Amino acid sequence: MKTIDDINFSGKKALVRVDFNVPLDKSFKITDDTRMTAAVPTLKKILDDGGSAILMSHLGRPKDGPDEKYSLKYLVDHLSEILGGATVHFANDCVGEEAEKKASQLQPGEVLLLENTRFHPEESKGDEKLAKQMAKLGDVYVNDAFGSAHRAHSSTTTVAQFFDEKAAGYLLKAELDNADKVLNNAAKPFTAIMGGAKISDKIEIIEQLLDKVDNLIIGGGMCYTFFKAMGGKVGNSLVEEDKLDLANELIQKAKEKGVHLHLPIDSIIADKFDNDAQAKVSNNHTIPDGWMGLDIGPEAREVFSQNIQRSKTILWNGPMGVFEMSNFAEGTRQIAESVVRATEKGAFSLIGGGDSAAAVNSMGYGEKVSFVSTGGGALLEYMEGKELPGVKALME
Ligand code: AMP
């Protein structure tokens, strides 16, 4: 796969798929610009070479065509700012006359941001006609949207076939390199920390990891399915009833493969799903009816932390509790802190995207771990051993 370092962009117009799917508040202010700043090195390289950049991205999930709420026009000023004052133009549609005209008039060093690709429902179907129209806008195709690389959409995948010259941006390349490092080249002991709501989303990755890790730590809502499977009483905690057998199978497989499976010894349980609920510490085998586990407990935090401290490679995906509620965020915070301390001692730590990335960033630890992935689903699929269509398209 070519990267942008293999290309001199001087005098060229690069059509770049970025992932600018950033959260906006009600007055269209960007509340977290991580995804935008992550694309800056790639854009700078193109502009510094003397090229110009035409940017495609989606934002949110617009249902039926254009929807003001999901317009990318609100990103123009901030984009110019993070690019050191570069001129950023905007086109009200990602294809068509206006976009073509603005692209053809674009000067070296300038940027053209196109409107949300998902305003065309065909985008998500990988439509070829739409992709061909997009391809008219640039001479070279660059994909830097790791967070969308698992989707075979027009702008992420189909469009690539219309270019002779195509390459991965720095972010896409770094994401793949870091995932590969953990998957294929992990220093031991290797500890994976899995959390979040459901096992069903993470079965495949857990199965893959059982062949690679020394320790598998399981926290978050998904741990209660394991306790119930082992015959415990978990009260009203989150349980996937149809995954009880699977949980037992995973416990058995871990044993067979010599993987230390660590489930939390205790939980913070609450009498309702609310930050102001009554809360207390409980073991995970006798949670009373009407109560539910919403965070890992103090002993679990201690045992998990000791394992993390002894690790040389750490992969973390999914929060340890309902971290969005301040009273149930402490387990996730302490695990984040522990990952930071292990990193300071030389461990390599990769934080899987989505909620764990949000948690680590919001706690101010983003710079203190080895790599925070921008891809939730994309990272999981890549680690499950699936081919990412956006990456494959760059190699064909
Ligand atoms: P996921 O997208 O699968 O990584 O799940 C993230 C979500 O899991 C977050 O919104 C958390 O609030 C939620 N979560 C974590 N622990 C629990 C728990 N014990 N009970 C219910 N939800 C949880």
Side-chain angles (χ1 to χ4, degrees), residues 21 23 32 61 147 150 192-206 209 216-229 232-241 243 246-247 250 262-285 287-301 304 315-336 339 350-363 372-384:
N21 184 24
D32 179 354
R61 291 171 189 262
H150 59 317
I193 311 163
M194 290 283 135
K198 292 184 182 168
I199 327 182
S200 47
D201 294 339
K202 294 183 184 163
I203 298 163
E204 285 180 63
I205 177 99
I206 291 177
L209 289 171
L216 175 61
I217 290 175
I218 292 192
M222 69 162 91
C223 75
Y224 303 101
T225 301
F226 285 88
F227 286 108
K228 179 141 191 201
K233 276 188 67 216
V234 297
N236 291 32
S237 305
L238 199 64
V239 167
E240 285 174 274
E241 293 289 345
K243 295 290 177 291
L246 178 97
L250 289 175
H262 300 278
L263 289 161
I265 296 174
D266 53 359
S267 283
I268 306 294
I269 60 169
D271 62 352
K272 55 183 173 191
F273 192 80
D274 190 309
N275 193 42
D276 299 322
Q278 273 195 69
K280 59 185 180 186
V281 177
S282 165
N283 72 59
N284 285 316
H285 295 280
I287 299 176
D289 285 342
W291 290 72
M292 61 195 88
L294 294 186
D295 195 7
I296 55 172
E299 274 197 70
R301 293 170 200 169
F304 287 2
L315 168 67
W316 182 11
N317 190 289
M320 294 290 99
V322 185
F323 76 105
E324 299 93 333
M325 298 183 195
S326 58
N327 289 334
F328 304 103
E330 188 56 19
T332 300
R333 199 191 62 73
Q334 283 193 24
I335 295 309
V339 173
L350 172 60
I351 314 301
D355 281 318
S356 18
V360 166
N361 284 330
S362 73
M363 288 165 185
V372 182
S373 176
T374 54
L379 182 72
L380 282 183
E381 288 197 20
Y382 188 68
M383 293 210 145
E384 285 161 8

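If you read the sequence from its start, that first residue is 1, and numbering goes on from there. Numbering of ligands and ligand atoms starts at 1, following listing order. Note that the coordinates shown come from a computational prediction; the quantities given were computed from them, not determined experimentally.
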Task: Nitrogen or oxygen of Lys202 less than 3.5 angstrom from that of ligand 1 - done: yes

Task: Gly293-ligand 1 polar pair, N/O distance under 3.5 Å - done: yes

Could you list which atoms of ligand 1 come closer than 4.0 Å to a heavy atom of [X]?
X: Asp355; value: 2 (O), 5 (O), 6 (C), 7 (C), 9 (C), 10 (O)
X: Gly220; value: 16 (N), 19 (N)
X: Tyr224; value: 19 (N)
X: Gly196; value: 1 (P), 3 (O), 4 (O), 5 (O), 6 (C), 8 (O)

Distance (rounded to the nearest 0.5 Å) between [X] [atom1] and [Y] [atom2]:
X: Arg333; Y: Glu330; atom1: CZ; atom2: CD; value: 4.0 Å
X: Phe226; Y: Leu263; atom1: CZ; atom2: CG; value: 6.5 Å
X: Leu250; Y: Ile206; atom1: CG; atom2: CD1; value: 6.0 Å
X: Ile287; Y: Ile269; atom1: CD1; atom2: CD1; value: 6.0 Å

What is the closest protein heavy atom to [atom], and at what distance does it sit?
atom: atom 3 (O) of ligand 1; value: Ala197 N, 3.2 Å
atom: atom 23 (C) of ligand 1; value: Val322 CG2, 3.5 Å
atom: atom 17 (C) of ligand 1; value: Gly221 N, 3.3 Å
atom: atom 10 (O) of ligand 1; value: Glu324 OE2, 2.5 Å
atom: atom 15 (C) of ligand 1; value: Gly321 O, 3.2 Å

- [ ] Determine whether the side chains of Ser356 and Asn317 contain a donor N or O and an acceptor N or O closer than 3.5 Å.
- [x] no

- [ ] Keeping the roles fixed (side chain from Ser237, backbone from Gly293), state whether a donor-acceptor pair exists under 3.5 Å.
- [x]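 Yes, Ser237 side chain to Gly293 backbone: donor-acceptor pair under 3.5 Å.
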
Task: N-O pairing of Asp295 and Arg301 below 4.0 Å - done: yes

Open item on the list: For Glu299 versus Asp266, what's the shortest heavy-atom pair and its separation?
Closed with: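 Shortest heavy-atom contact: N-OD2, 3.0 Å.
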
